[in-house]
*Asks:* 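Below is one structure. I have some questions about it.
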Amino acid sequence: MSRHQNASIPITTTCPYCGVGCGVLARVDGVAGDSSHPANQGRLCVKGSALHETLVTGSEPSFGPRVGGKEVGWEHAIDRVASAITDAVRDHGPGSVAFYLSGQLLTEDYYVANKLAKGFVGTPHVDTNSRLCMSSAVAAHKRAFGEDCVPGCYEDLELADLLVLAGSNAAWAHPVLYQRMKAAHRAGRKVVVIDPRQTATSELADLHLKLRPGTDTQLFNGLLVWMHEQQALNVEYLTQHCSGVEETLKAAKRSAPDIDAVAQVCDLALEDVKAFYQWFTETERTVTAFSQGINQSVAGTDKGNAIINCHLATGRVGRPGAGPFSLTGQPNAMGGREVGGLANTLAAHMDYDTPGARELVADYWQTDRLADGPGLKAVDLFEAVHRGDIKVLWVMGTNPAVSLPDSARVREALARCDTVIVSDCVSTTDTTAFADILLPAAGWGEKDGTVTNSERRISRQRRFLPLPAGVKPDWQIMSEVGQALGHTKAFSYRKPVDIFREHAALSGYRNAGERVFNIAALEHLTDDAYEQMQPVQWPVKAGGSGGLQQTSRLFSDGCFPTPDGRARLVPVHTLPPGQQPGEHYPLVVNSGRIRDQWHTMTRTGLASKLFAHRDEPFIEVHPDDMAGSGLLEGGLAVLNGPSGQFIGRVRRTSHQRPGEVFVPIHWNGQFASSALASDLMAPTVDPISGQPESKHGIAAIKPLLAKWQARLVLPKNQTVLPTPMAAAFEYWSRQVLPNSTGWWLAGRHRADWLALGWQCFGREPELVMEDESSGRFRAVWLMDERLEAVLLVEPEIGSMPGVEWLDQCFAESEDGLEQRWSLLAAGQADAEPVGALVCSCFQVGENAILRAIHEGCRSVEALGETLKCGSNCGSCLPEVRALLASVPEQGTEQADLSA
Ligand SMILES: Nc1nc2c(c(=O)[nH]1)N[C@H]1C(S)=C(S)[C@@H](COP(=O)(O)OP(=O)(O)OC[C@H]3O[C@@H](n4cnc5c(=O)[nH]c(N)nc54)[C@H](O)[C@@H]3O)O[C@H]1N2
Ligand SMILES: Nc1nc2c(c(=O)[nH]1)N[C@H]1C(S)=C(S)[C@@H](COP(=O)(O)OP(=O)(O)OC[C@H]3O[C@@H](n4cnc5c(=O)[nH]c(N)nc54)[C@H](O)[C@@H]3O)O[C@H]1N2
Ligand code: SF4
Ligand SMILES: [Mo]
């Protein structure tokens, strides 16, 4: 296959965002869903459909490696990395070097990182952002099954007659899988959503259990007890295939003696708990899919096992339409687990304490430096950096300054560390700011390799763009460092397929069936076969069609990879959240994803259309908590927690429970003055998995009493707020617009606008209007008849012209500008504000949808025909349906726009 991108021929590849792992047909100028990929069968969500707009290539000038902030050649950079590692190992031992990796690396990158760190530098301190994401599910799988395996496949979510979604907002976080669940609806199928918050996913729910956060263990323990009392347990399955039954039942009874106790502790209606228990008891084909509401908890592993216990006790594991199903978040969280990238694992689904594993791996890698035991997990690892025990830290494909809890302490640790190496495809992030050595890594579309999705399906990511000058793929950067450290043979890879073959072979090396993860049938893949490789589900054996036999379901025969071949029911306990609300911090802070952004926005933050759904950091507050607080819908508020603050716009909604607020995880120092969810999270971790409790902070809320609000709009290529402005305001946030970049600004004290303008633009504005009495100020700076800057200041946000209109001014000729300026001066905008954007694909806002509903469009289809909304990727359909439901047939009541 030609490696050169031809604009007319799309390359078949895989989406780099969520763990659904959709197949994509990619070209520089557009993407489409791959109808032959089993995960998505042609569908894509909003983020997937905007992939060509979030390519790093072209979004910033490509950059070469930097040492101490200065651009250097690759040879020099590699030498510096190698000498920093050599010096640290010589002076302080291999444990003074640490790697912090990511579920967004390709399997080939991940394999090389793990081999380099554990095998040749000899440090055990290799952890990954999967610690913040999947590690509780990993630990729960190992305890129950003996190995970290997801027993089921996506089809099970369609086949299930009862689908339980626990701590998952799949409609926004796994949109294509959610669409599959929704499309599979049939009479009699039931869906239960377990989430303290009403979400877009709860629209699918026949029953929404809006439980008290952190009480999932009691809910599932209570279910086990109930089923036991109803004599609904599968005694034959338990007798033949499980251990730990008695102890588990005993522990469950202690934590959830009866249904009344469960209803009380979970703060649920008794009938609701009963309905859930009855449905679960009666329905053979039950799948419980779980995600971060389960994993990111001080009791995350126990929550996972409480769920798995109920499935084992009913024999519902690995059967069509039945099983526990951990939804993985990142595109290659699963691949990272396969290579052994977590600090407590060694390689290829072997742990340090797996009998014979160290010898096996040392022999396979031909090394005598293999690390000898588990290393530090993410939160402890950064504590060790803070203490100065880690001298060299190499961060790859993750943004810990944003995503780890207690961000201020993490930043302090990064600032203290002797040598911080950061590999990223974007030069300016909150973490690259701390890099002593910055290594430009190839991003999606520029590199080749494989990823594994939530259902164990390995797919190819293929390159369709030329590699930008100065940039290298991660596997190559690490291989060159390995060679510079003297391990020439071990790191002599010439292309990703060399690594893939070695990884595949290790999975089968001396594996007589002890390890389920086995893809040795792929170890002799030719270069060409790797190029053409079709998605395949592990374990993969030789034989079957196309010479390969893949596996959709595991453990169907009731045999498990434990020493006695039995699955284990695990007694689980109830741990209270690490931080309890109280007098000073009365609110519980929940955090999570929004539909159109990906994590720290380094890529989705490039596309204007992905900003339109939620254009500012926000805080969702319950009406009860707003009463008497001075908080206003659309006003700004400050959340103060024990270790930091968060400023965002208030969204009034009863979707979450009173006493609880919700904040998005996406905004960071590149996009807002103070909107890091992790500033409100304590580094409390699950004692078994080490996963931080990122869904449970505490805070107090108060309004940010702004004297004025402003809009600053600059040309598209200006992505940094001029320093004098940043210094003058209490609040700013940045939004990428189609033709410009916009900032929302707010402050407590009146500024001298003209003086501030001088500091930023070096002159007076060409057009200016100031009205002392109303507090309104408007100024325009023009350069060569093009707009250079527009600043609008208003005492109230409500009187600000719509941003679409301002942005349009940056696309217009002088004539159009003149006319608009006169309107601007008169204080009017000529376009109706679109309101929050609902459909990103066709840019349809809620105001237009509400108008169309009032004018008679009473169905999703009718709205789709009139406005096109929801007719492309369908990610917005839950919100379109919520808007429809909010307008009574004949009435004109206001919608609850917080859907
Ligand atoms: N759009 C988008 N999609 C993504 C991502 C993204 O950044 N953006 N990231 C990907 C990644 S890496 C991941 S890990 C996944 C995460 O996918 P999800 O886990 O589905 O997403 P979250 O929004 O983090 O959290 C899910 C829900 O957990 C609920 N929750 C909080 N506390 C509790 C509790 O105590 N019990 C229960 N039962 N629920 C609780 C929250 O209210 C929230 O609605 O998303 C993936 N997909
Ligand atoms: N409060 C709170 N905190 C959370 C969570 C939460 O729900 N609440 N969720 C947690 C979860 S589940 C996750 S997964 C984490 C995610 O948190 P992070 O992993 O920190 O977030 P990303 O923005 O995905 O960071 C990926 C980085 O890798 C870069 N990158 C992209 N592709 C490549 C590549 O090919 N090579 C290299 N070298 N770099 C690349 C990107 O530019 C970006 O800087 O956040 C966690 N933190
Ligand atoms: S659901 Fe969306 S983000 Fe996830 S893999 Fe598919 S297209 Fe990508
Ligand atoms: Mo994640």
*Asks:* Mind telling me whether Tyr530 and Phe500 have parallel, tilted or perpendicular rings, with 30° and 60° as the class edges?
*Replies:*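 Plane angle between 30° and 60°, so tilted.
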*Asks:* After noting the C-alpha distance and the side-chain angles of Ser454 and Thr328, does the key distance pass the side chain to side chain donor-acceptor pair (under 3.5 Å) rule?
*Replies:* CA-CA 5 Å; Ser454 294; Thr328 56; 2.7 Å; yes
*Asks:* In this structure, are over 12 heavy atoms from other groups packed under 6.0 Å from Gln41 atom CD?
*Replies:*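 Result for CD/Gln41: enclosed.
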*Asks:* With distance as the sole criterion, is a donor-acceptor pair present between the side chains of Trp394 and Ser423 under 3.5 Å?
*Replies:*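 Yes, because at least one side-chain N or O of Trp394 sits under 3.5 Å from a partner of the opposite role on Ser423.
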*Asks:* Measure the spacing between CD of Glu338 and OH of Tyr111 and express it to the nearest 0.5 Å.
*Replies:*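 Between atom CD of Glu338 and atom OH of Tyr111 there are 13.0 Å.
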*Asks:* I need the Asp474 CG to Leu101 CG distance, nearest 0.5 Å.
*Replies:*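 Those atoms lie 9.5 Å apart.
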*Asks:* Please check if the side chain of Gln476 supplies one atom and the backbone of Tyr493 the other of a donor-acceptor pair under 3.5 Å.
*Replies:*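 Answer holds: no.
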*Asks:* Does Ser871 reach the main-chain N or O of Lys868 with its side chain, forming a donor-acceptor pair under 3.5 Å?
*Replies:*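 Here the side-chain-to-backbone pair exists.
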*Asks:* Any Lys/Arg nitrogen of Asp436 or Arg80 sitting under 4.0 Å from an Asp/Glu carboxylate oxygen of the other?
*Replies:*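 Result for this pair is no, no salt bridge flagged.
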*Asks:* Does a donor on one side chain and an acceptor on the other come within less than 3.5 Å for Asn332 and Thr107?
*Replies:*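 On atom types as modelled, these side chains qualify, holding a pair under 3.5 Å.
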*Asks:* Taking the six-membered ring of Trp538 (Phe, Tyr or Trp), confirm whether the NZ or CZ of Arg456 is under 6.0 Å from its centre and within 45° of its axis.
*Replies:*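 Pair Arg456/Trp538 counts as cation-pi.
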*Asks:* I'd like to know if the side chain of Arg501 and the backbone of Leu522 have a donor-acceptor N/O pair within less than 3.5 Å.
*Replies:*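 Judged by distance alone, no pair lies under 3.5 Å.
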*Asks:* I need the Gln104 CD to Trp598 CH2 distance, nearest 0.5 Å.
*Replies:*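 These two atoms lie 5.0 Å from each other.
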*Asks:* Give a yes or no answer on whether the side chain of Asn129 reaches the backbone of Gly103 with a donor-acceptor pair at less than 3.5 Å.
*Replies:*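 Looks like yes, one N/O pair under 3.5 Å.
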*Asks:* Tell me whether Arg180 contacts the main-chain N or O of Glu158 through its side chain, where contact means a donor paired with an acceptor under 3.5 Å.
*Replies:*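 Not a single qualifying donor-acceptor pair exists.
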*Asks:* So with a 6.0 Å cut-off around CD of Glu865, is the heavy-atom count from everything else above 12?
*Replies:*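 Atom CD in Glu865 is not crowded, with 12 or fewer foreign heavy atoms closer than 6.0 Å.
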*Asks:* Would you say the side-chain atoms of Thr452 pair up with the backbone N or O of Met334, donor to acceptor, closer than 3.5 Å?
*Replies:*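 Checking the backbone N and O of Met334 against the side chain of Thr452, no donor-acceptor pair under 3.5 Å is found.
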*Asks:* Okay, side chain of Glu71, backbone of Arg66: is any donor-acceptor separation there less than 3.5 Å?
*Replies:*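 Flag not set: sc Glu71 to bb Arg66 has no pair under 3.5 Å.
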*Asks:* Would Arg614 count as a cation-pi partner of Phe618, with NZ or CZ less than 6.0 Å from the six-membered ring centre and within 45° of the ring normal?
*Replies:*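 Yes, Arg614 and Phe618 form such a contact.
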*Asks:* How many angstroms lie between CG in Leu177 and SG in Cys22, if you round to the nearest 0.5 Å?
*Replies:*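 Those atoms lie 8.5 Å apart.
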*Asks:* For Asp29 and Arg27, what are the C-alpha separation, side-chain angles and deciding distance, and is it a salt bridge (Lys or Arg N to Asp or Glu O under 4.0 Å)?
*Replies:* CA-CA 5 Å; Asp29 56 348; Arg27 292 193 317 226; 3.2 Å; yes
*Asks:* Just by modelled atom types, is the Leu737 backbone N or O under 3.5 Å from a matching donor or acceptor in the Ser740 side chain?
*Replies:*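 Answer holds: no.
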*Asks:* Does a donor on one side chain and an acceptor on the other come within less than 3.5 Å for Thr600 and Asn668?
*Replies:*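 Checked: Thr600/Asn668 side chains show no N/O donor-acceptor pair below 3.5 Å.
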*Asks:* Kindly say whether Asn739 contributes a backbone atom to a donor-acceptor pair with the side chain of Asp807 at under 3.5 angstrom?
*Replies:*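 Yes, because the side chain of Asp807 sits within donor-acceptor range (under 3.5 Å) of the backbone of Asn739.
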*Asks:* Would you verify whether the NZ or CZ of Arg711 falls within 45 degrees of the ring axis of Trp744 while also being under 6.0 Å from that six-membered ring's centre?
*Replies:*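 Cation-pi check for Arg711 and Trp744: passes.
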*Asks:* Report the distance from atom CZ of Arg494 to atom CG of Asp527, rounding to the nearest 0.5 Å.
*Replies:*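 Here the interatomic distance stands at 8.5 Å.
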*Asks:* Where does the angle between the aromatic ring planes of Phe611 and Phe671 fall among parallel (under 30°), tilted (30 to 60°) and perpendicular (over 60°)?
*Replies:*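 Phe611 vs Phe671 ring planes: tilted.
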*Asks:* If you measure from CZ on Arg595 to SG on Cys45, what distance do you get to the nearest 0.5 Å?
*Replies:*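 So the gap between those two atoms works out to 9.0 Å.
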